[in-house]
Amino acid sequence: MQLIRMSRTWITSVAPWFLVGCARIFAMETVAIALAEQNEALKQALARKDAQIATLDQHIGLLEEQLRLLKAKAFGPKSERMSQLVGQQALFDMDALEAEEKPADDEPASDEDARETITYERRKTRGPQPFPEHLPREIRKHELPPEERQCTCCGEEMTVLGKDVTRELEYEPAVARVIEHHHYSYSCQLCKQDEDGLETPIVSAPRPPRLIPGGPAYRGMAGPGLLAFVMTSKFVDGLPFYRVERLMGRLGVKLGRATMCNWARQIGDQLERMWDLLLAQAKQYTWLQMDETTVQVLNEPDKENTTKSFMWVIRGGPPERPIVLFHYDPSRSGTVAARLLEDFQGTVQTDGYAGYDFLGRVPGVVHAGDWDHVRRKFADVRKPLGRKGRSGKSGKADEALKLIGEMYQLERKARGQADSDSALLEMRDKQLRPKIAAFKTWLDHLAGRVPPKSLLGRAIQYALGQWHKLDLFLDRAEVPMSTALVENAIRPYVIGRKAWLFSGSPEDAQASARIYSIVETALYRMRHSAVSTKL
């Protein structure tokens with residue numbers, strides 16, 4: 001009993017302290033669990049912040065890369081030569097590129113091993129060019145007067161030993177003149193006096209045909225030479241009509257720009273049938289190139305004057321007689337290209353614009369791609385860095401430019417040496433196809449390792465997205481690697497656009513398109529009797 005009383009006393013006295021201790025232990029464990037959970041939450045929040053910061057850093061890097069590219073395009077050199085992209089190295093200077101990447105310890109063991117043979121092409125020095133044979137010549141003789149031909153020793157007259165011929169090119173300024181056409185009318189005076197009352201017929205001399213119908217002042221009184229001068233000044237030399245107005249003003253002729261605009265519109269309307277015939281002729285060939293450029297046109301229905309319209313360009317026809325066609329349309333939709341290429345069967349070569357994707361679904365039409373735009377995407381990676389600095393990304397871009405440059409070199413060599421289409425296809429198959437396959441493997445290897453939104457990632461994705469069209473030229477001898485021909489055909493229009501800036505109306509734009517078509521087709525055939533598609 002005493003033991004029981006002692007146990008009760010102990011429990012009564014110790015139990016509160018025990019319970020308090022247990023409570024404290026439980027509270028500490030609860031706090032520890034809460035702290036652990038809070039610590040884990042803080043770690044997760046910190047990880048999210050780190051991921052967010054990494055994402056923002058990557059986004060900032062992409063924006064800085066794009067900013068450098070925009071600055072390079074705005075203020076840097078516009079040339080696409082490799083010397084502007086990779087130091088002073090030329091496009092096909094592969095030895096220099098390989099030498100730059102060679103390790104420093106890979107030195108030759110002796111002077112004999114250090115010798116190498118370097119071959120290069122030097123541009124021929126140009127001297128004075130002879131004057132064209134078709135220019136009229138005027139001979140002016142410079143002789144001594146008779147009193148100076150006497151010999152100072154014996155007094156006899158000296159004989160001619162020879163002559164020294166020097167030539168100078170002279171230019172006579174333009175001369176404006178007025179041609180009066182007097183059209184006489186005739187009638188029979190005897191019949192006129194006949195008492196029977198017969199009507200006397202009146203016969204007039206025929207009038208020469210006019211390209212521009214008659215009208216008051218100068219509007220309908222333009223001769224063929226004046227029309228040719230005005231159209232050549234605008235559509236060949238790129239002079240706006242207000243400058244032509246000044247040129248005519250110096251000759252004392254008041255010829256307003258509105259009058260010349262009216263002439264151009266009427267000439268364009270009369271060239272519509274010829275334009276249709278050229279388009280039909282271009283479609284008869286099995287290959288053509290297509291591209292588009294912007295143009296600002298005023299007074300377009302449902303469009304503001306500040307918006308852009310488009311000038312579509314087709315270059316096709318046989319190589320010896322190329323055809324260049326311009327077509328104005330306010331839209332850049334692929335339906336415009338589909339309408340222009342209706343009933344065409346063959347290969348259409350374009351850039352990577354999505355508006356041309358319908359060509360791959362048209363029966364009888366093969367859609368070929370353009371290697372120039374692939375190259376430009378990789379050049380954009382290198383361009384923001386200028387001539388200094390080489391990072392890992394720029395190194396990959398340089399490697400791509402080097403591989404593409406080797407392809408261009410092989411294509412140029414094949415076209416220069418092949419004497420037939422079959423020989424060209426055979427050389428492409430042996431030399432170019434393995435190089436292109438290696439480039440495809442290189443792209444696939446980098447595709448998953450480079451951020452897709454970076455300039456390098458975009459270049460890689462563009463090349464892979466266009467790949468089903470890029471290698472089609474290997475099996476078609478008439479198709480080149482790039483669309484440089486149609487881009488060169490657009491250039492005169494773009495240069496002229498910088499001067500005259502816009503077209504006054506949709507009718508003016510369409511007339512300009514037809515005139516440019518006829519002019520550029522004529523110039524191409526005049527300059528190149530046999531056009532080659534070498535790159």
Can you see which heavy atom on L279 is nearest to which on L325, and at what distance? CA-CD1, 3.3 Å

Is any side-chain heavy atom of H327 less than 4.5 Å from a side-chain heavy atom of R339? yes

Kindly write out the residues that satisfy salt bridge (Lys or Arg N to Asp or Glu O under 4.0 Å) with E507, not counting sequence neighbours, or none if the list is empty. none

Would you call K440 and D444 a salt bridge, using N to O less than 4.0 angstrom? yes

Qualifying residues under salt bridge (Lys or Arg N to Asp or Glu O under 4.0 Å), relative to K283, sequence neighbours excluded: none

Of all residues at least two apart in sequence or in a different chain, which pass the side chain to side chain contact (heavy atoms under 4.5 Å, CB included) check with R257? F241, Y242, E245, M260

Taking the side chain as everything from C-beta on, heavy atoms only, tell me whether L472 gets closer than 4.5 Å to V366. yes

Inter-residue atom distance M481.CE - L432.CG, 0.5 Å rounding: 6.0 Å

Without swapping roles, check the side chain of Y462 against the backbone of G457 for a donor-acceptor pair under 3.5 Å. no

Starting from the C-alpha separation in whole Å, work towards a yes-or-no answer on side chain to side chain contact (heavy atoms under 4.5 Å, CB included) for I460 and V450. CA-CA 9 Å; I460 294 174; V450 178; 4.2 Å; yes

Any donor and acceptor pair, going by atom type alone, linking the side chain of S503 with main-chain N or O of S505 inside 3.5 Å? no

Donor-acceptor check, side chain of R525 to backbone of P322, threshold 3.5 angstrom: yes or no? yes

Neighbour count above 12 (heavy atom, 6.0 Å) for R167 CZ: no

Mind checking the CH2-CD spacing from W500 to Q296? Nearest 0.5 Å is all I need. 10.0 Å

Measure from the side-chain N and O atoms of T521 to the backbone N and O of V324, and report whether any donor-acceptor pair falls under 3.5 Å. yes

For the residue pair V365 and L341, establish whether any side-chain heavy-atom pair is separated by less than 4.5 Å. no

Does M407 form a side chain to side chain contact (heavy atoms under 4.5 Å, CB included) with L410? I'd like the steps, not just the answer. CA-CA 5 Å; M407 299 178 199; L410 291 174; 5.9 Å; no

Residues that T307 engages under side chain to side chain contact (heavy atoms under 4.5 Å, CB included), provided they are two or more places apart: K303, E304

Is Y516 close to I490 at the side-chain level, that is, under 4.5 Å between some pair of heavy atoms? no

So does R376 pair up with E487, basic N to acidic O under 4.0 Å? yes

What pair of heavy atoms forms the shortest contact from S517 to W275, and how long is it? OG-NE1, 3.3 Å

Pairing of E426 and K430 as salt bridge, 4.0 angstrom limit: yes

Close side-chain approach of W312 and R332, heavy atoms under 4.5 Å: yes

If you look only at pairs with a residue in residues 463-475, which of them pass as a side-chain hydrogen bond (donor to acceptor under 3.5 Å, both in side chains), with sequence neighbours excluded? R433-D475, Q466-K469

Just how far is it from atom CG of L403 to atom CG of D398, taken to the nearest 0.5 Å? 11.0 Å

When rounded to the nearest 0.5 Å, the distance separating CG of L288 from CD1 of I314 is 6.5 Å

Once salt bridge (Lys or Arg N to Asp or Glu O under 4.0 Å) is applied, do any residues pair with E138, and if so which ones, sequence neighbours excluded? R140

Residues in side chain to side chain contact (heavy atoms under 4.5 Å, CB included) with S185, at least two apart? I202, S204

Contact between I404 and F439 at the side-chain level, heavy atoms closer than 4.5 Å - yes or no? yes

Indicate the atoms forming the closest heavy-atom contact of V297 with P506, along with that distance. CG1-N, 3.6 Å

Step-by-step side chain to side chain contact (heavy atoms under 4.5 Å, CB included) determination, E520 to Y493: CA-CA 9 Å; E520 290 302 316; Y493 177 83; over 6 Å; no

For residues L278 and Q281, determine if any side-chain heavy atom of one lies less than 4.5 Å from a side-chain heavy atom of the other. yes

With distance as the sole criterion, is a donor-acceptor pair present between the side chains of R497 and T293 under 3.5 Å? yes

Suppose we call two aromatic rings close when their centres sit under 6.0 Å apart. Are F378 and W371 close by that rule? no

With sequence neighbours excluded, residues passing salt bridge (Lys or Arg N to Asp or Glu O under 4.0 Å) with R265: D508

Ignoring hydrogens, what is the shortest heavy-atom contact between A499 and P240? Give both atom names and the distance. O-CG, 3.6 Å

Applied to residues 347-365, the side-chain hydrogen bond (donor to acceptor under 3.5 Å, both in side chains) test, sequence neighbours excluded, yields W287-Q349, Q289-Q349, E292-Y356, T350-H367

Could you pull out every donor-acceptor pair under 3.5 Å between side chains of residues 226-235 and any protein atom, sequence neighbours left out?
residue	atom	partner	partner atom	Å
T232	OG1	A228	O	2.6
S233	OG	F229	O	2.8

Do D329 and F310 pass the side chain to side chain contact (heavy atoms under 4.5 Å, CB included) test, and can you show the C-alpha distance, the side-chain angles, and the key distance before you say yes or no? CA-CA 6 Å; D329 198 280; F310 295 90; 5.7 Å; no

What is the minimum heavy-atom distance between A484 and D372, and which atoms define it? CB-OD2, 4.0 Å

For H181, which residues count as a side chain to side chain donor-acceptor pair (under 3.5 Å) partner, sequence neighbours excluded? none

Look at the side chain of D429 and the backbone N and O of L425, then say whether any donor-acceptor pair between them is shorter than 3.5 Å. no

By side chain to side chain donor-acceptor pair (under 3.5 Å) - contacts of K308 (at least two apart): none

Mind checking the CG-CZ spacing from L455 to R382? Nearest 0.5 Å is all I need. 13.0 Å

Is a donor on one side and an acceptor on the other found under 3.5 Å between the side chain of R514 and the backbone of E272? no

Do the non-hydrogen side-chain atoms of L474 and V479 ever get within less than 4.5 Å of each other? no

One should read off an interatomic distance between D370 CG and F473 CZ, to the nearest 0.5 angstrom, of 11.0 Å

Give a yes or no on whether the backbone of K413 and the side-chain of R415 come within a donor-acceptor separation of less than 3.5 Å. no

Taking all non-hydrogen atoms of both residues, which atom of R428 and which atom of R476 are closest, and how far apart? NH1-O, 2.9 Å

